[in-house]
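Taking it in order: structure first as structure tokens, then the write-up.
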There are 2 protein chains.
Amino acid sequence: MTDVQDVETGARARTRRAIVEAAVTQLARDPGVALGQVADAAGVGRTTLHRYFPERSDLLEAVGAETVARLGEAHERARLDQGTAREALRRLCPEYLLLGDHLTLLFTEVVPDAPADGCADDDPMVALVERGRDDGSLDLELSPSWVIGTIWAQLYLAWETLREGHESRHDVVQQLMRTVDKALAP
Amino acid sequence: MTDVQDVETGARARTRRAIVEAAVTQLARDPGVALGQVADAAGVGRTTLHRYFPERSDLLEAVGAETVARLGEAHERARLDQGTAREALRRLCPEYLLLGDHLTLLFTEVVPDAPADGCADDDPMVALVERGRDDGSLDLELSPSWVIGTIWAQLYLAWETLREGHESRHDVVQQLMRTVDKALAP
DNA sequence: CCGGGTTGGAACACTCGTGTTCCACTTTGG
DNA sequence: CCAAAGTGGAACACGAGTGTTCCAACCCGG
């Protein structure tokens, strides 16, 4: 039983990581990118890529797993269950922004079975928003799905702005927090 | 000299419109959609589609022109130069929302030379935001490009929400206006 | 030093979308 | 009613991406 999280050392593991990372970058740029281009970006031959991921869908699955894992880490670091929902949200946004291209993948849904923008029932974001409505830290006139959608939309804007390179991360985070906070406060 | 805007009547014009409209819908769903699928959606043969638009780029160009035209009409209807910038913005949002799938095309930039999210200098949106910063109806701590980005991001969210069909247009417009207004007010 | 593990390139067959040509059919306007 | 315009389908060549096989070269550990 070779689990997804094998011994992440040695040549094989290193090659595998390189391919997945390159795939994340390239897929974020163009969802229909050719596998040969991913291989080039990873610095490996196309043959090698196919050795690790026989079919395109296998690679997409691996990328999805990686994204989900990163998402989970972000949730942990943000300690979502501490303080009011709004405070938790203020910790969560910068963490999400660290996901980089994974944000693009989540937003454009190029990846299979990755939790799309607030569609999963076990999404911590859903629970967080529910809590925010209870503790009065969120605007009750906005539906939960709209609140979640707004957060994702602004996160995407923040990441795109950052990727363009015209504004510093500090400025982007500042404006992201300000916008989200004002929009969602009661 | 057969201009883009011919006598928009007769069989040819009707067929042409059907193809372009189908292309807008299909391209919004999948930017890499096959031309055969566009032809099917338009209710014409693939041969006929190629008769009107010899190459894929020709169709994309026509779709882009259509989008730009619709955008212009929305700008006119919103009477951007009347009242404060914030008032104009409140008229503009619902108009933009009427653009439907064209919003998706603008947002995902599948179309050539269509003014991407606030990248064009002659974009009325840029002028509007400049005015808003002058007349004090917009938050000065947010950069102009962030303000424009926020508007587009929320518009896209609104359209996607509407397209899902879980909320009425009235509710969506209500939440869109409330969110944008709160986020961008000083 | 040697042998297994790993790699990359060449070559191949296959699928799919594209763009083209040709021809028979239907519609429409004079 | 009849010719011209418009249409749709079949068939074709072509290119690009995919997935596979085979083999020579390389690296690293025992």
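Note: hydrogens, waters and symmetry copies are ignored here, and every other heavy atom, side chains too, is used. Protein chains get the first letters and strands the later ones, always in sequence-line order, with residue 1 at the start of each.
The residues B:Asp139 and A:Arg178 are annotated as salt-bridged, a charged nitrogen and a carboxylate oxygen being separated by less than 4.0 angstrom.
Two end axes, each from the C1' atoms of five base pairs, can be drawn for the helix from C:dC1-D:dG30 to C:dG30-D:dC1; they diverge by 20°, to 10 degrees.
Residue A:Glu61 places its CD atom among 12 or fewer non-hydrogen atoms of other residues, nucleotides or ligands, all under 6.0 Å distant. B:Glu73 CD: more than 12 foreign heavy atoms inside a 6.0 Å radius. Crowding of B:Gln82 atom CD: a count of heavy atoms from other residues, nucleotides or ligands under 6.0 Å exceeding 12.
Residue pairs meeting the ring pair (Phe, Tyr, Trp, His ring centres under 6.0 Å) criterion with at least one member in residues 53-105 of chain B, sequence neighbours excluded: B:His75-B:Tyr96, B:Tyr96-B:Trp152.
In the hydrophobic cluster analysis, where Ile, Leu, Val, Met, Phe, Trp and Tyr join through side-chain heavy atoms closer than 4.5 angstrom, B:Leu155 is grouped together with A:Phe107.
Using a distance-only test at 3.5 Å, with no hydrogens or angles considered, no donor-acceptor pair links the side chain of A:Arg79 to the main chain of A:Arg91. Listed for the B:Thr161 side chain is a donor-acceptor partner under 3.5 Å among the backbone atoms of B:Leu157. B:Glu87 places a side-chain N or O within 3.5 Å of a backbone atom of B:Thr84 that can act as its donor or acceptor partner.
By the side-chain hydrogen bond (donor to acceptor under 3.5 Å, both in side chains) test, B:Arg77 is found to be paired with B:Glu95, residues two or more places apart in sequence or in another chain being considered.
Sorted by residue number, the list of members of residues 22-33 of chain A with any non-hydrogen atom under 4.0 Å from DNA chain D is empty. Applying a 4.0 Å cut-off to non-hydrogen atoms, the residues of residues 40-59 of chain B that approach DNA chain D are B:Gly43, B:Val44, B:Gly45, B:Arg46, B:Thr47, B:Thr48, B:Arg51, B:Tyr52, listed by residue number.
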Inset, instruction - I would like to know whether A:Glu160 and A:Arg163 meet salt bridge (Lys or Arg N to Asp or Glu O under 4.0 Å); could you show each step before the answer? - result: CA-CA 5 Å; A:Glu160 286 301 315; A:Arg163 213 162 60 95; 3.3 Å; yes
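Interface limits on DNA chain C: the 5'-most and 3'-most nucleotides within less than 4.0 Å of chain B heavy atoms are C:dG17 to C:dT21.
Side-chain N/O atoms of B:Glu167 and A:Ser145 include a donor and acceptor closer than 3.5 Å.
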